[in-house]
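Single-structure report; data block below.
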Amino acid sequence: MVSLKSLNSEQKKAVEYDGGASLIVAGAGSGKTRVLTYKIAYLIDKGYAPESILALTFTNKAASEMKERIKELIGTKAQYLWMGTFHSLFAKILRIESGALDFSVNFSIYDTEDSLSLVQNTMAEMNISTETVNPNAVRHRISFLKNHMITPAVFRKKMMTSFIDEKIADVYERYQQRIQEHNAMDFDDLLLKPIELFRKNPKIHQKYKKKFQYILVDEFQDTNKAQYELLKMLVNKEEKICVVGDDAQSIYSWRGADLTNMLNFEKDYNNAKTFRLEQNYRSTKTILAASDSVIKNNKDQISKTLWTDNQEGELVGLIKCSDEKDEAYHITRIIKDEIHNYKRGMNDFAVLYRTNAQSRVLEDVFRREKIPYLIIGGVEFYKRKEVKDIVAYLRVIANQNDEESLLRIMNFPQRGIGMTTIKRMTAFARRHEITLFDTMQRVFEVIDIKERIQKNVKGFRILLDKYIMLSDRLSVGELTRSLIDELGIIKLFKEESSYESLARLDNVQELLSAITDYSTEHPNVKLNDYLQDVSLASDLDLLDETKQHVNLMTVHSAKGLEFPIVFVSGCEEDIFPLSNRFSTDASMDEERRLFYVGMTRAKEKVFVSHARSRYRFGEVAYQNRSRFIDEISSDTITEVTSGSGRKANRKSKKEIYYEYFENVDYVDFTQDKSKHIKVGSRVMHDKFGLGKVLQVIGAGDTQKVSVAFEGNNLKQLMLKFAKLKILN
DNA sequence: AGGCCCGTATGGCCC
DNA sequence: ATACGGGCCT
Ligand SMILES: Nc1ncnc2c1ncn2[C@@H]1O[C@H](COP(=O)(O)OP(=O)(O)OP(=O)(O)O)[C@@H](O)[C@H]1O
């Protein structure tokens with residue numbers, strides 16, 4: 001029997017409750033995840049078969065950790081649990097039931113980039129100019145509609161308000177048609193198709209409804225409409241469902257998460273029992289008080305009590321910095337001090353930020369200062385071009401209808417199949433209503449392609465056929481290795497031998513060893529399974545709390561995690577809260593929740609830092625410190641910066657330029673020829689001051705330039721006469 | 001077909 | 001700063 005001794009009485013009640021639907025609402029660090037873990041172990045103990053339990057987590061990483069924990073509690077039978085993210089578990093069901101769908105078992109999973117590329121191709125095909133309609137906005141919109149379960153037809157009938165909407169409806173419709181022809185699903189489809197499947201096919205619906213005797217959901221506050229619908233469809237008559245969440249930690253509304261799921265739960269399951277956990281085991285009293293003082297600025301929230309027996313702890317440290325480099329050096333210094341004074345390990349620290357772009361400077365400084373670190377997120381490994389290209393080969397080998405992948409590799413490595421050829425083949429495919437892959441077979445019928453090129457296409461098709469055949473016989477690892485060999489990719493990057501191409505080479509080799517490892521660990525695995533894991537993998541899987549390095553990640557990625565010491569960096573207006581002119585009150589509240597999530601990751605100590613100036617889009621921007629810093633109750637925060645993390649503050653752009661003119665050589669246009677001047681050149685004029693060249697007009701003696709000087713001052717000057725000095 | 005250069009945009013969080 | 005797409009030249 002699983003011992004519930006390590007739970008408090010309320011946690012225990014929640015674990016032991018087996019009467020029907022239950023909702024656990026509780027604040028950060030109150031042991032929600034722990035309750036879920038024990039509850040699953042407890043249910044198995046009580047007689048529920050592991051394979052009859054459906055447990056949904058927010059990330060794959062959370063799932064595998066929970067599974068490990070349950071294995072420790074009840075042994076290896078835990079491996080039969082249906083535990084994972086919504087996306088991965090329903091993808092699994094879709095593959096099993098693909099026979100009942102208009103998809104075959106080997107369907108591809110399109111990530112955001114693939115979707116965008118499909119949107120672009122669709123728009124091109126429909127002659128919708130990307131000038132009038134931004135493809136990425138369209139992709140967003142389509143995904144939003146899908147997340148809210150709005151079909152093209154419904155959208156057309158009820159929601160269109162503009163000419164652009166009409167175009168979007170057209171693209172949406174065509175997109176759905178194409179993705180189906182490609183035998184592919186995007187992330188949203190992984191949730192929508194099961195709903196469709198269950199609706200159309202009551203037998204299959206009943207099968208799963210019967211199969212899953214108990215459903216448990218972690219991070220319920222961030223589920224979307226489709227996920228809610230799926231739960232409702234699958235829950236059995238006794239309503240054996242347990243969801244846990246914290247409305248104050250809802251931070252994914254931008255991808256369709258809908259808090260009303262949580263607010264309406266008690267209405268939809270009218271026998272639902274609600275449990276509240278009020279004791280926080282994670283953080284110090286100070287951290288709780290500080291984070292609470294921030295979150296209470298949000299109007300709408302479920303009121304919750306949260307207290308802790310933990311120590312008072314240290315005050316939140318406020319780090320004031322001159323710029324982002326200074327910030328990185330301050331953080332470095334504090335990490336070194338903490339390690340020196342309190343014998344902490346590198347893995348005790350997490351540096352969090354609002355946007356991935358902010359990791360760059362931290363990375364540079366940590367490298368220089370010899371602080372070992374791991375960046376989670378950013379340009380993820382499987383999103384790198386060279387890696388995606390190779391994965392695209394595997395996807396085509398698994399699913400020849402996957403046109404987005406086929407287009408990616410058609411001319412990689414270069415084999416003389418250019419844009420024009422691809423356009424002609426695509427046109428042929430559409431005309432004859434066949435796939436692009438089949439068109440390659442019949443390329444000799446595409447008469448507007450030159451014979452030499454036709455041969456290239458045919459050669460490529462033969463190569464693919466060979467690997468499609470081999471894919472049954474070779475392991476995923478062997479297949480990839482031999483493919484990379486034959487394509488000469490390694491040689492290609494070696495020969496180019498630029499810094500970038502060598503980095504690419506590294507990535508290809510890393511991919512190869514990752515695939516080989518995967519093959520060894522899962523000897524009988526199908527290419528499909530591997531590809532699915534890759535599509536749904538996240539960088540978070542790399543996180544290893546036992547490894548001696550500082551962890552860098554976005555606050556979003558840090559959800560559900562905990563670290564002894566947490567830095568919340570870049571706390572400046574416009575960055576955290578991130579905002580733009582479209583920002584709303586609601587998005588401000590979500591930013592605040594995000595900040596709350598960041599602070600509450602800490603067990604012992606939180607630092608918040610802000611920089612007076614920071615590079616953004618190649619320009620220095622000055623920003624006030626975040627309102628969230630000011631919302632932290634003053635008796636829980638103290639400044640820890642006396643002096644600067646490093647010497648030299650950033651000077652304003654103006655200062656830099658003036659200094660430059662005083663100290664550095666410049667070209668005087670009255671003497672030198674004008675060949676140095678070009679659009680974008682920075683220039684100095686005695687009377688007008690600093691400026692930037694917008695246009696160079698004419699040549700020779702009459703050559704003129706148009707310059708934007710400071711203060712929105714536009715001038716046209718004759719180069720011959722104007723006393724212009726130029727900066728290189 | 002492919003390479004190069006220029007202009008322009010750059011809203012970010014993730015399964 | 002940087003990356004990407006479009007247009008132009010070879
Ligand atoms: N009864 C308990 N006794 C001791 N430690 C506990 C207890 N309950 C939870 N903890 C510890 O408190 C910490 C937070 O627990 P957990 O991650 O389950 O909280 P949570 O509510 O899911 O947090 P969050 O919502 O912030 O992600 C963990 O380190 C966990 O081990």
Side-chain angles (χ1 to χ4, degrees), chain A residues 56-63 84-91 109-113 115-116 120 124 129-131 134-137 139-140 143 147 185-191 219 222-224 226-227 250-257 352-358 360-361 376-380 382-383 385 410-411 414-423 449-450 452-453 456 500 532-541 553-559 570 574-583 587 590-591 593-594 597-598 614-621 678-680 694-695:
Chain A
L56 298 151
T57 59
F58 199 72
T59 61
N60 292 305
K61 162 114 175 116
T85 61
F86 275 91
H87 292 88
S88 66
L89 292 183
F90 285 99
I109 297 173
Y110 279 1
D111 65 17
T112 316
E113 198 190 320
S115 293
L116 177 61
Q120 282 166 333
S129 121
T130 55
E131 305 270 287
N134 175 305
N136 201 29
R139 192 203 60 77
H140 250 106
S143 174
N147 269 318
M185 303 212 195
D186 60 25
F187 286 134
D188 306 318
D189 287 328
L190 295 179
L191 305 174
E219 308 281 11
D222 276 324
T223 51
N224 67 22
Q227 290 166 330
S250 165
I251 54 176
Y252 280 89
S253 71
W254 48 271
R255 87 176 204 210
L352 310 183
Y353 34 79
R354 179 61 180 82
T355 68
N356 277 309
Q358 291 162 249
R360 185 82 170 252
V361 188
I376 310 279
V379 183
E380 296 185 20
Y382 283 104
K383 298 212 179 87
K385 189 185 172 303
M410 195 68 91
N411 203 26
Q414 281 179 15
R415 49 173 74 85
I417 308 175
M419 280 295 288
T420 327
T421 306
I422 290 175
K423 276 215 184 91
I449 297 176
K450 283 202 214 80
R452 186 174 55 87
I453 310 279
N456 291 344
E500 289 87 2
Q532 173 165 322
D533 276 6
V534 165
S535 307
L536 301 178
S538 104
D539 239 16
L540 263 183
D541 304 335
M553 68 191 90
T554 62
V555 188
H556 279 97
S557 293
K559 179 159 100 150
D574 286 2
I575 291 185
F576 201 174
L578 185 68
S579 65
N580 68 3
R581 62 191 182 286
F582 303 119
S583 300
S587 61
E590 180 146 325
E591 293 291 318
R593 293 194 291 270
L594 191 58
V597 168
R614 176 183 301 275
Y615 262 110
R616 253 189 123 189
F617 305 136
E619 299 232 301
V620 181
K678 54 176 194 215
V679 172
L694 297 180
Q695 214 183 348

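By convention in this document, chain letters (A, B, ...) are assigned in the order of the sequence lines, proteins followed by strands, and residues within each chain are numbered from 1. Side chains included, hydrogens not; waters and symmetry mates left out as well; all remaining heavy atoms used.
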Any [X] side-chain N or O less than 4.0 Å from OP1/OP2 of [N]:
{"X": "A:Arg360", "N": "C:dT2", "result": "yes"}
{"X": "A:Asn60", "N": "B:dC15", "result": "no"}
{"X": "A:Thr420", "N": "B:dA1", "result": "yes"}
{"X": "A:Thr554", "N": "B:dC14", "result": "yes"}
{"X": "A:Ser557", "N": "B:dC13", "result": "no"}
{"X": "A:Asn356", "N": "B:dC14", "result": "yes"}

Nearest-angstrom distance from the residue atom [atom1] of [X] to [atom2] of [N]:
{"X": "A:Lys423", "N": "B:dA1", "atom1": "NZ", "atom2": "P", "value": "10 Å"}
{"X": "A:Ile109", "N": "B:dC14", "atom1": "CD1", "atom2": "P", "value": "19 Å"}
{"X": "A:Ile376", "N": "B:dC13", "atom1": "CD1", "atom2": "P", "value": "14 Å"}
{"X": "A:Ile575", "N": "B:dG12", "atom1": "CD1", "atom2": "P", "value": "11 Å"}
{"X": "A:Asn147", "N": "B:dC13", "atom1": "CG", "atom2": "P", "value": "18 Å"}
{"X": "A:Gln120", "N": "C:dG5", "atom1": "CD", "atom2": "P", "value": "7 Å"}
{"X": "A:Tyr382", "N": "B:dC15", "atom1": "OH", "atom2": "P", "value": "15 Å"}
{"X": "A:Leu352", "N": "B:dC13", "atom1": "CG", "atom2": "P", "value": "14 Å"}

message: Does the structure show a Watson-Crick or G-U wobble partner for B:dC4, both distances under 3.5 Å? Name it, or say none.
response: C:dG7
field: Residue matched to B:dT10 through Watson-Crick or wobble contacts both under 3.5 angstrom
entry: C:dA1
Just call it for [X]: base, sugar-phosphate, or nothing, with non-hydrogen atoms closer than 4.0 Å on any strand.
{"X": "A:Thr421", "value": "sugar-phosphate"}
{"X": "A:Asn411", "value": "sugar-phosphate"}
{"X": "A:Ser535", "value": "nothing"}

message: To the closest 0.5 Å, what do you measure between CG (A:Asp574) and CZ (A:Arg354)?
response: 12.0 Å
query: With no hydrogens and no angle check, is any side-chain donor or acceptor of A:Asn411 less than 3.5 Å from a backbone partner on A:Gly416?
result: yes
query: Donor-acceptor pair, A:His87 side chain versus A:Leu190 backbone, under 3.5 Å?
result: no
message: Applying the 5.5 Å / 30° rule, does A:Phe86 stack onto the base of B:dC15?
response: no
- line: Result for 5'-nearest mapping on DNA chain B, choosing between A:Ile453 and A:Asn134, is A:Ile453
5'-most by nearest nucleotide on DNA chain B - A:Gln414 or A:Ala537: A:Gln414
- prompt: What distance, rounded to whole Å, do you find between the two C1' atoms, one in C:dG6 and one in B:dG11?
  reply: 23 Å
- prompt: Would you say the side chain of A:Phe90 lies within less than 4.5 Å of the side chain of A:Thr85, judging by non-hydrogen atoms?
  reply: no
Nearest-neighbour nucleotide for the A:Leu578 side chain, B:dC15, B:dC14, B:dG12 considered: B:dG12
message: A:Lys559 vs A:Asp222, test: salt bridge (Lys or Arg N to Asp or Glu O under 4.0 Å). Steps then yes/no.
response: CA-CA 11 Å; A:Lys559 179 159 100 150; A:Asp222 276 324; 2.4 Å; yes
Ring geometry between A:Phe58 and A:Tyr252 (parallel below 30°, tilted from 30 to 60°, perpendicular above 60°): tilted
- prompt: Counting only distance, no hydrogens or angles, is the base of B:dC15 paired donor-acceptor with the side chain of A:Thr112 under 3.5 Å?
  reply: yes
